[in-house]
Amino acid sequence: MSVILNRRGALALGMSAAAGACAPSRKGPEVILCDGGSFWGRAQRRAFYKPFEKETGIRVRTVPFVMPGKLRTSIEQGRPVIDVADISGAELPRFERDGLLAPVDLRGFDPQDIAALGPRKPRKHALPSFYASTVLAYRQELFPGREPAGWAAMWDTARHPGERMLGSGLMGQMAATFEIALLADGVSPERLYPLDWDRAIRALRRLRPSVARYWLSSGDALQMLNEQNVVIGNIWNGPVDTPEARDAGSLYTWNQGILQGGYWAIPRGAPNHANALRFMAFALRPDRQAHFASLIGYSPANQRAFALLPPGRAAHLPTAPQNLSRQIMQDDEWWAKEDRPGITNVALSVKLWETGVVGK
């Protein structure tokens with residue numbers, strides 16, 4: 001289920017494409033994986049899940065995306081709901097600190113694949129899975145023949161009139177909402193962290209009268225762009241890098257994009273631990289990673305995959321050298337730090353969003 005906030009902060013609910021994806025269990029070897037839904041989910045199934053089943057005979061059973069709170073509770077209760085968890089870089093350090101993940105046994109992996117993981121490196125309890133970027137998307141008629149220099153263009157309502165969209169702060173760091181506000185307000189990338197909460201909230205409140213919707217799913221954001229309901233806003237680069245978006249007149253820029261990485265990890269006590277390791281080793285192969293990156297505009301974690309991509313494909317991926325240099329890597333360790341005992345910066349950002357941005 002997805003949650004959407006309208007301009008007033010009121011809640012509207014809609015069913016996710018991944019809801020109900022969990023199939024009944026059958027006898028035989030299996031591994032339980034996440035169905036990310038929408039564009040991400042389709043790429044997962046085609047590049048990883050179906051080929052893994054065919055090659056190994058291990059059935060892939062999918063469940064809707066497991067939010068960090070539910071995953072944590074299931075592990076603490078000794079009944080993990082998934083064998084391979086998709087964890088954001090900002091959530092991962094706390095899972096590691098709390099002993100909720102199993103160490104990754106690398107003996108079944110190709111050493112060349114492990115050595116080629118980047119720009120983030122493998123961790124004891126997790127391996128990088130892919131890279132995405134939160135980018136500035138815009139109607140091409142706003143910037144004829146050029147790209148906006150950065151997020152300040154989104155706040156310039158006088159020069160670029162029209163309604164905006166913005167990722168909801170209810171997602172914590174996922175849509176890079178607070179980073180975007182500070183960059184738009186003139187903070188340099190070198191001084192972005194630690195985030196200045198008060199300054200970010202002031203900037204977000206200035207933009208609020210022009211925001212048509214605070215989105216919580218890439219599908220909602222892309223629909224607003226394609227239906228021309230907004231003229232500019234933030235979105236993950238994968239969904240907006242589609243022929244449909246271009247045909248609708250929507251473009252995006254890597255300038256000041258916020259680069260984010262995901263990880264695969266095995267929860268402590270996962271029921272199919274050995275099969276989970278086999279899946280991770282399979283999915284990190286360069287051929288599988290290249291297939292994934294050919295289906296959606298997310299970069300492979302295994303840099304060997306770039307050599308297998310079709311000509312010109314790298315230009316659409318956030319970690320290609322020409323794109324990486326224009327972006328800012330999200331500081332996962334800072335987001336995972338506790339502002340006070342038990343309250344991470346991720347959790348604090350949600351509270352500040354509710355009370356300081358949409359709550360006033």
Side-chain angles (χ1 to χ4, degrees), residues 39 131-167 175-190 192 203-204 206-215 218-260 293-299 306 309-330:
F39 308 94
Y131 295 92
S133 186
T134 298
V135 295
L136 179 64
Y138 58 94
R139 301 287 305 163
Q140 60 182 350
E141 61 264 26
L142 263 65
F143 301 90
R146 62 187 176 92
E147 290 184 330
W151 297 105
M154 186 169 163
W155 265 251
D156 192 348
T157 56
R159 185 176 299 177
H160 310 299
E163 292 198 309
R164 275 79 170 130
M165 66 178 187
L166 184 66
T177 304
F178 287 90
E179 285 102 332
I180 287 168
L182 290 171
L183 291 166
D185 202 48
V187 175
S188 66
E190 298 78 17
L192 188 55
L204 289 166
R206 285 199 303 273
L207 187 68
R208 186 171 65 178
S210 298
V211 177
R213 180 180 291 180
Y214 296 114
W215 57 264
S218 58
D220 290 327
L222 187 60
Q223 183 178 1
M224 283 187 282
L225 282 173
N226 288 350
E227 295 181 356
Q228 303 182 20
N229 294 324
V230 296
V231 299
I232 197 168
N234 70 326
I235 189 173
W236 293 304
N237 73 283
V240 77
D241 183 38
T242 61
E244 293 79 10
R246 290 189 290 273
D247 290 345
S250 297
L251 302 177
Y252 68 96
T253 178
W254 297 110
N255 292 335
Q256 292 192 332
I258 307 298
L259 186 67
Q260 300 161 298
S294 71
L295 297 170
I296 190 170
Y298 294 153
S299 282
F306 276 98
L309 291 171
R313 182 58 185 166
H316 299 265
L317 303 176
T319 60
Q322 67 270 31
N323 300 331
L324 184 61
S325 62
R326 298 161 64 185
Q327 299 174 79
I328 301 147
M329 180 77 78
Q330 192 168 64

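Sequential numbering from 1 along the given sequence is applied to the chain's residues.
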Quiz item: Out of L324, V135, T134, N237, which residue meets the side-chain contact (heavy atoms from CB on, under 4.5 Å) rule with L259?
Solution: L324
I'd like to know if the side chain of [X] reaches the main chain of [Y], judged simply by a donor and an acceptor atom lying under 3.5 Å from each other, with no hydrogens or angles considered.
X    : Y    : value
W215 : L222 : no
N234 : A175 : yes
R213 : V211 : no
N226 : A248 : no
T319 : S299 : no
E179 : I258 : no

Looking at side-chain heavy atoms only, is the closest gap between [X] and [Y] below 4.5 Å?
X    : Y    : value
Y214 : T177 : no
L136 : Q256 : no
L183 : P189 : yes
S250 : R139 : yes
Y252 : P148 : no
M165 : N229 : no

[atom1]/[X] to [atom2]/[Y] distance, rounded to the nearest 0.5 angstrom?
X    : Y    : atom1 : atom2 : result
Y298 : Q260 : OH    : CD    : 9.0 Å
F143 : L251 : CZ    : CG    : 10.5 Å
R246 : E244 : CZ    : CD    : 8.5 Å
L192 : M329 : CG    : CE    : 13.5 Å
I232 : S210 : CD1   : OG    : 11.0 Å
L204 : F178 : CG    : CZ    : 6.0 Å

Self-check item: CZ/R159: more than 12 non-hydrogen atoms of other groups inside 6.0 Å
Solution: no
Quiz prompt | Residue pairs, two or more places apart or on separate chains, that pass side-chain hydrogen bond (donor to acceptor under 3.5 Å, both in side chains) and touch residues 147-158 | solution =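 Output for this query lists E147-T253, E147-R326.
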Quiz item: Looking only at heavy atoms, which two atoms of A137 and V240 are closest? And how far apart?
Solution: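 Looking at all heavy atoms of both residues, the closest pair is CB-CG2, 4.1 Å.
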